[in-house]
Amino acid sequence: MKFWLLLGLLLLHEALEDVAGQHSPKNKRPKEQGENRIKPTNKKAKPKIPKVKDRDSTDSTAKSQSIMMQAMGNGRFQRPASTVSLLAGQTLELRCKGSKVEWSYPAYLDTFKDSRLTVKQSERYGQLTLVNSTAADTGEFSCWEQLCNGYVCRRDEARTGSTYIFFTEKGELFVPSPSYFDVVYLNPDRQAVVPCRVTAPSAKVTLHREFPAKEIPANGTDIVYDMKRGFVYLQPHSNHQGVVYCKAEAGGKSQISVKYQLLYVEVPSGPPSTTILASSNKVRGGDDISVLCTVLGEPDVEVEFRWLFPGQKDERPVTIQDTWRLIHRGLGHTTRISQSVIIVEDFETIDAGYYICTAQNLRGQTTVATTVEFS
């Protein structure tokens with residue numbers, strides 16, 4: 001009897017489990033407290049690619065692209081390289097786009113107002129033509145467009161062009177010099193250049209001292225060679241002075257340049273260093289008097305003088321003389337002494353007063369004065 005009772009209870013228990021299994025999904029885990037009850041989806045989101053703003057490539061190109069073109073013959077034009085080699089005698093024609101184009105070219109052509117060179121401006125471009133070219137025409141040719149607002153114009157730095165042209169001529173490895181001897185001033189505060197420029201970019205150029213005879217190495221530290229400029233002294237000092245020349249070799253031929261006298265400059269750059277001195281500050285009637293104005297400066301810097309004197313308003317006749325010379329002041333230092341003297345003859349009462357001298361150079365002016373009394 002107990003057996004049947006236990007068997008009945010077991011069957012009842014299994015039946016209850018089957019009923020419970022129908023209402024409870026398989027593998028369903030109980031939710032944790034605070035768990036997100038939003039069902040996850042399998043929908044894939046498209047990744048957003050950030051939009052990059054396109055740069056104005058046209059503007060960037062315009063800033064770096066040259067406006068210069070070179071005529072190649074048969075109506076063809078091409079943009080010239082940074083350096084171009086032509087045979088002497090060839091015609092050079094350059095064009096630069098723009099309605100108002102300015103040009104720069106070797107000073108040699110401008111100095112002599114050379115008729116071989118013509119510059120024209122059309123509606124759309126500027127044109128430069130050089131005929132019967134020679135080795136002396138070697139140098140930088142550049143152009144730029146002008147931006148004008150009324151009468152005020154400025155250079156448009158975004159629209160420029162330039163090329164350095166070598167005009168190769170038989171027997172001329174160096175760009176010809178107008179003289180057989182030249183002076184190069186060595187200033188301690190700026191570079192100095194020995195202008196040994198060549199007409200062929202392939203030429204090998206060396207620098208030599210005349211005495212004692214030896215080659216001066218261009219070591220890249222004190223001296224460098226630039227075929228567009230010559231030998232550049234980066235930090236000139238008194239040890240560099242002396243007579244030098246250059247030697248060029250190309251195609252199995254060699255040539256010696258003109259000689260250059262290197263002079264070291266003692267006086268620093270700036271407005272004129274000026275002094276004034278009268279022959280006498282007290283003068284008797286009928287005597288002659290002179291007042292001297294003196295400037296010590298750089299050898300290659302010119303000085304202009306102006307005078308104000310007591311008898312000027314009465315148109316008193318005076319004599320004014322301006323002179324200059326180079327002087328050596330020891331240790332190889334060279335200075336330019338510029339002087340202006342005013343001479344008054346037969347001194348009168350109207351000549352008494354202040355004598356004022358103004359000396360001016362490219363870097364400024366200095367005014368000095370002294371008084372002369374009637375005794």
Side-chain angles (χ1 to χ4, degrees), residues 66 68-74 76-94 104-109 111-112 114 116-117 128-142 161-182 184 192-234 242-262:
S66 171
M68 178 181 286
M69 303 294 285
Q70 180 186 357
M72 307 303 294
N74 299 324
R76 294 185 303 109
F77 289 84
Q78 74 175 30
R79 187 165 286 110
S82 59
T83 59
V84 173
S85 291
L86 297 176
L87 292 175
Q90 283 186 270
T91 295
L92 170 68
E93 181 184 344
L94 299 173
S104 175
Y105 40 82
Y108 168 83
L109 293 168
T111 302
F112 299 99
D114 207 314
R116 298 176 300 122
L117 177 74
L128 180 147
T129 306
L130 176 64
V131 299
N132 300 324
S133 58
T134 69
D137 301 325
T138 297
E140 190 87 25
F141 290 78
S142 60
S162 68
T163 183
Y164 190 93
I165 301 180
F166 296 91
F167 289 99
T168 304
E169 187 171 348
K170 187 177 180 180
E172 293 286 0
L173 291 180
F174 287 106
V175 178
S177 173
S179 63
Y180 294 100
F181 194 86
D182 205 353
V184 175
V193 179
V194 177
C196 297
R197 296 186 298 125
V198 291
T199 61
S202 59
K204 179 186 176 183
V205 189
T206 52
L207 180 65
H208 300 261
R209 183 183 295 277
E210 186 177 51
F211 183 81
K214 67 174 183 177
E215 180 180 337
I216 304 173
N219 53 22
T221 303
D222 296 325
I223 305 173
V224 297
Y225 182 69
D226 182 345
M227 63 182 179
K228 297 180 181 180
R229 301 173 64 195
F231 285 96
V232 183
Y233 286 74
L234 301 177
V243 178
V244 300
Y245 62 90
C246 303
K247 182 179 180 181
E249 297 178 351
K253 297 182 179 180
S254 64
Q255 186 178 353
I256 301 297
S257 73
V258 301
K259 295 179 180 180
Y260 299 91
Q261 173 74 57
L262 308 187

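All values below were derived from every heavy atom in this structure, side-chain atoms included, with hydrogens, water molecules and symmetry-related copies excluded.
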Counting N and O atoms only, with roles assigned by atom type, does the side chain of [X] sit under 3.5 Å from a partner on the main chain of [Y], one being a donor and the other an acceptor?
X	Y	value
Thr138	Phe167	yes
Thr163	Ala81	yes
Asn74	Arg76	no
Thr199	Phe174	no
Gln255	Leu173	yes
Arg79	Ser66	yes

Nearest heavy-atom pair of [X] and [Y]: which atoms, and what distance?
X	Y	value
Ala248	Val198	CB-CG1, 4.3 Å
Ala218	Tyr225	CB-N, 4.4 Å
Ala88	Ala135	CB-N, 4.4 Å

(Q) With a sphere of 6.0 Å drawn around NZ of Lys253, does it hold more than 12 non-hydrogen atoms of other residues, nucleotides or ligands? (A)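 No, NZ of Lys253 has 12 or fewer neighbouring heavy atoms, counting only those of other groups under 6.0 Å.
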Measuring from atom [atom1] of [X] to atom [atom2] of [Y], what distance do you get when rounded to the nearest 0.5 angstrom?
X	Y	atom1	atom2	answer
Leu128	Gln70	CG	CD	11.5 Å
Met227	Ser202	CE	OG	10.0 Å
Lys228	Arg197	NZ	CZ	11.5 Å
Thr134	Glu169	OG1	CD	6.0 Å

Output a table of donor-acceptor pairs, distance under 3.5 Å, between side-chain atoms of residues 206-217 and any protein atom two or more places apart or on a different chain; print 'none' if there are none.
{"residue": "Thr206", "atom": "OG1", "partner": "His208", "partner atom": "NE2", "Å": "2.8"}
{"residue": "Arg209", "atom": "NH1", "partner": "Gln241", "partner atom": "O", "Å": "2.9"}
{"residue": "Glu210", "atom": "OE2", "partner": "Lys259", "partner atom": "NZ", "Å": "2.3"}

Can you sort out the partners of [X] under side-chain hydrogen bond (donor to acceptor under 3.5 Å, both in side chains), two or more places apart, ordered by chain and number?
X	result
Gln90	none
Ser142	none
Arg116	Asp114, Asp137

Q. Do Lys247 and Glu249 sit within salt-bridge range, that is, some charged N less than 4.0 Å from a carboxylate O?
A.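 Yes.
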Is [Y] close to [X] at the side-chain level, that is, under 4.5 Å between some pair of heavy atoms?
X	Y	answer
Leu92	Thr129	no
Val194	Leu262	yes
Cys246	Phe231	yes
Tyr260	Pro195	yes
Glu140	Thr83	no
Leu109	Leu130	yes
Leu234	Asp222	no

Q.
Could you walk me through whether Val258 and Tyr245 satisfy the side chain to side chain contact (heavy atoms under 4.5 Å, CB included) test, starting with their C-alpha distance in whole Å, then the side-chain angles of each, then the deciding distance to 0.1 Å, before giving a yes or no?
A. CA-CA 6 Å; Val258 301; Tyr245 62 90; over 6 Å; no
Q: Apply side chain to side chain contact (heavy atoms under 4.5 Å, CB included) to the pair Val193 and Tyr233, showing each step before the final yes or no.
A: CA-CA 6 Å; Val193 179; Tyr233 286 74; over 6 Å; no
Q: Using the test ring-ring contact (aromatic ring centres under 6.0 Å, His included), find all partners of Phe166 that sit at least two apart in sequence or belong to another chain.
A: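 With sequence neighbours excluded, Phe166 shows a ring-ring contact (aromatic ring centres under 6.0 Å, His included) to Tyr164, given in chain and number order.
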Q. Taking only residues two or more places apart in sequence or in another chain, which ones pass ring-ring contact (aromatic ring centres under 6.0 Å, His included) with Phe77?
A.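 Expected list: none.
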